[in-house]
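Reading through the structure tokens given below for one structure.
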2 protein chains.
Amino acid sequence: MSRQPEKSSEAELLQGTLDMLILKVTALQPIHGYAIAQRIQQISRDALQIRQGSLYPALYRLENRGWLKADWRTTEGGREAKFYSLTPQGRRQLAVETAGWRRLCDAISLVLETAE
Amino acid sequence: MSRQPEKSSEAELLQGTLDMLILKVTALQPIHGYAIAQRIQQISRDALQIRQGSLYPALYRLENRGWLKADWRTTEGGREAKFYSLTPQGRRQLAVETAGWRRLCDAISLVLETAE
DNA sequence: GCGAGATGCCTAGGATGTCAAGGTATGCTG
DNA sequence: CAGCATACCTTGACATCCTAGGCATCTCGC
């Protein structure tokens, strides 16, 4: 996985969804920032790409709000990395955001599928 | 339909979806701004609420980019109103945005449904 | 042994889009 | 005539994202 030269420039993110995605990935297991972006990209089959310039401010934001907490550990590769895990409030928040997302998805589908 | 006092404050919009929604609604038939917001709200069963402060800048934006064109007509109520209709480019754009939206929806679903 | 690339963190600055809150004017209805 | 719905618009604040940098370590190929 190469650095940021961005081949395709596709893959814009929808504002507001990033937090939810991060919460979801950290809910699977404690994981460090750099790997979060990789994981999301991998799970979404490259449809979603998180830029570092979006990722780290988001992590800071989420930790600050108490959704995530961080501690330094060493990766399998033997490096220091900041591992994030979901707090109970974070878990609640994830549920809230997921519900909101689905509502929104449904609502937009309604509009998009209006034939008349 | 009362003015903007905003009872519930729910119904946040996802940044980037507004343009698509407007394009879709104007694709159904020429329609004026004020009615666009009503229509979207109605179709989505009140799940989506477009604020005027979002609506008019968006309309300006879309017209400026050539997706929409506007002309003044009179409503059934006998008022002057600016009717917007979709241009051919607008129709193409709608298709583009719809496709992008679905890709994104699917991608996010993939992440949200990861159980592991 | 050395350079390139991957891993890992971070920040500053600008662009964009949405929202809250205001404003104007007209028509209908009680 | 007061109040509300209709219909338009603008301003300023704010959040979020992206571009584009920077830093340090480790590994691999040459």
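Chain naming here is simple, since letters A, B, ... match the order of the sequence lines and numbering starts at 1 in each. Because the structure is predicted, anything quoted here is derived from the model rather than measured.
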Checklist entry - What nucleotide, of C/dC19, D/dT6, D/dC9, holds the atom closest to the side chain of B/Y34? => result D/dT6

Item to check | Donor/acceptor link under 3.5 angstrom from B/E80 side chain onto base of D/dC8 | outcome: no

Checklist entry - Quick one: A/L48 CG to D/dC18 P, roughly how many Å, whole number? => result 10 Å

Next on the checklist: If you only use heavy atoms from C-beta on, which nucleotide in D/dT19, C/dG8, D/dT10 is closest to the side chain of A/T75?
Outcome noted: C/dG8

Write out a two-atom table: protein N or O, nucleotide N or O from nucleotides 11-15 of chain D, distance below 3.5 Å.
none

Next on the checklist: Please encode protein proximity along nucleotides 25-30 of chain C as a string of B, S and -, counting only heavy-atom distances under 4.0 Å.
Outcome noted: -BB---

Item to check | Nucleotide of C/dT7, D/dC17, C/dC9 approaching A/L13 most closely (side-chain heavy atoms) | outcome: D/dC17

Checklist entry - In terms of side-chain heavy atoms of B/Q52, which of C/dG8, D/dC9, D/dC17 is nearest? => result D/dC9

Item to check | Value in whole Å for how far the C1' atom of D/dT16 lies from CD1 of A/I50 | outcome: 13 Å

Checklist entry - Which nucleotide, C/dC19, D/dG22, D/dC9, lies nearest any side-chain atom of B/S54? => result C/dC19

Checklist entry - Within a strict 4.5 Å, meaning less than it, do heavy atoms of the B/R61 and B/W67 side chains meet? => result no

Checklist outcome for this item: Out of C/dA20, D/dC9, D/dC18, minimum distance to the side chain of B/Y56 belongs to D/dC9

Next on the checklist: Ignoring hydrogens and geometry beyond distance, is a side-chain donor-acceptor pair present between B/Q93 and B/Q89 at under 3.5 Å?
Outcome noted: no

